[in-house]
Amino acid sequence: MNENRRTIQSDAELLAVMAMEAYAFRKRLTGKEVGELFLKHQIFEKIVAQHEYLHQIPFQEVFTFVENEIGAECTQLVLFHGTAADFERVELGKSQKFRDFGAGFYTTTIENQAKSWAYRLRLRDRKKVHYVYRFLFDKNDTLRIKEFPTLNEEWLEFVKENRSLGGTQHDYDVVIGPVADDDTMETVQLYLSGTFRASEAIDRLQYNKANNQVSFHTEKALQVLQLVGRDTYE
């Protein structure tokens, strides 16, 4: 982690702790309750994403920012993309063809997951550095969004169609759901090969802790995806 990133991280942690303490006091909530709210609404990630603005304003305005994020039915997500590639704009044409949710640009709400992906790609491509890009995504009613809340038979069939046929076997702008990663791929492959029935695969998958992914499949979707930063790891 470079020095600038460490400074941003430290400032964000300080602001987040101050905001949590103030929020707990004003709302008469326990530390656990406030922690769960901050986690649910991705407050720390949003403080990092808006660091340049937030560290210049009075704390009361920072608190108002946090209060608004928690109080509103917030549709904005902080997303991370891990890669060994240096780029300035997303190009859908460069995506792989056989992916869980079809060809597209893949992100996650979990920063450590993105870091892990980036490091693997760095080793595979024999690069000297890897990157984690941060984006803000505004979910809105103009987009066709498909969400899979959990590992279920609908998700499994959706993954099967896209991985078996390639390309994009749907007409959604954005798809949100679990990842067929190292922990789940063996079971998914056994289902794809016909060894498991869907119900058997889901019974086995329920014991896995799945990571998540948010994939973008159209230029329309990319128009509401805002790049807000990038970290470089050597």
Side-chain angles (χ1 to χ4, degrees), residues 1 5-24 26-27 29-57 59-83 90 101 104-118 131-141 143 145-150 173-179 181 209-216 221-231 233:
M1 184 182 294
R5 175 58 177 165
R6 279 196 292 267
T7 300
I8 293 174
Q9 190 89 1
S10 298
D11 287 351
E13 289 173 354
L14 178 60
L15 282 176
V17 169
M18 292 172 61
M20 289 178 69
E21 292 176 346
Y23 199 89
R26 298 187 191 187
K27 304 295 182 180
L29 298 173
T30 66
K32 180 180 178 181
E33 290 171 332
V34 173
E36 290 174 348
L37 278 174
F38 274 52
L39 180 64
K40 176 182 178 181
H41 294 277
Q42 293 189 294
I43 298 303
F44 177 72
E45 290 85 354
K46 290 175 182 176
I47 288 175
V48 172
Q50 300 291 338
H51 171 266
E52 186 173 349
Y53 161 69
L54 292 176
H55 88 285
Q56 299 183 57
I57 62 177
F59 177 72
Q60 180 55 47
E61 294 183 36
V62 175
F63 181 83
T64 300
F65 166 82
V66 171
E67 195 171 38
N68 289 340
E69 291 296 325
I70 294 176
E73 289 187 4
C74 185
T75 59
Q76 190 175 74
L77 292 177
V78 178
L79 300 175
F80 303 93
H81 174 77
T83 181
V90 177
F101 300 156
F105 180 69
Y106 281 73
T107 65
T108 176
T109 63
I110 306 172
E111 185 173 12
N112 283 338
Q113 179 182 319
K115 288 180 182 178
S116 177
W117 286 348
Y131 310 96
V132 174
Y133 291 78
R134 296 191 307 281
F135 295 88
L136 292 179
F137 168 49
D138 287 305
K139 296 168 62 178
N140 62 70
D141 294 337
L143 296 175
I145 300 177
K146 176 62 179 178
E147 294 195 49
F148 295 99
T150 187
D173 297 302
V174 180
V175 182
I176 303 171
V179 180
D181 58 10
K209 181 181 179 181
N211 289 319
N212 69 51
Q213 57 192 349
V214 181
S215 56
F216 296 80
L222 293 181
Q223 290 176 6
V224 292
L225 186 65
Q226 177 189 359
L227 176 62
V228 294
R230 186 188 76 174
D231 297 323
Y233 298 90

Residue set satisfying side-chain contact (heavy atoms from CB on, under 4.5 Å) with Glu36, at least two apart, ordered chain then number -> Lys32
- Item | Backbone of Gln60 reached by a side-chain donor or acceptor of Thr64 within 3.5 Å | yes
One should read off an interatomic distance between Tyr131 OH and His81 NE2, to the nearest 0.5 angstrom, of 12.0 Å
Separation between CD (Gln213) and CD1 (Ile110), nearest 0.5 Å, reads 10.5 Å
Here the pair of heavy atoms bringing Ala19 nearest to Val66 is CB-CG2, 4.1 Å
- Task: Return yes if some donor-acceptor pair links the side-chain N/O of Glu111 with the main-chain N/O of Phe80 below 3.5 Å, else return no.
- Result: no
- Item | Main-chain N/O of Val78 paired with Glu45 side-chain donor or acceptor, under 3.5 Å | no
- Query: Quick one: does Leu37's side chain get under 4.5 Å of Tyr23's, heavy atoms only?
  - Reply: yes
Rounded to the nearest 0.5 angstrom, the OG1-CH2 distance for Thr108 and Trp117 is 5.0 Å
- [ ] Given side-chain contact (heavy atoms from CB on, under 4.5 Å), test Ile176 with Asn212 step by step and report yes or no.
- [x] CA-CA 7 Å; Ile176 303 171; Asn212 69 51; over 6 Å; no
- Query: Under 3.5 Å, is there a donor-acceptor pair between the side chain of Lys46 and the main chain of His41?
  - Reply: yes
Ring centres under 6.0 Å, that's the criterion: do Phe135 and Phe105 meet it? yes
The reported gap from CZ in Phe59 to CE in Met18 (rounded to nearest 0.5 angstrom) is 4.5 Å
One should read off an interatomic distance between Ile145 CD1 and Phe216 CZ, to the nearest 0.5 angstrom, of 8.5 Å
Compute both the distance and the angle, then confirm whether Lys139 meets the cation-pi test with Phe137: under 6.0 Å from the six-membered ring centre, within 45 degrees of the axis.
no
Interatomic distance, CD@Gln223 vs CG@Asp138, rounded to 0.5 Å, equals 12.5 Å
When every non-hydrogen atom of Tyr106 is compared with those of Phe101, the smallest separation belongs to OH-N, 2.9 Å
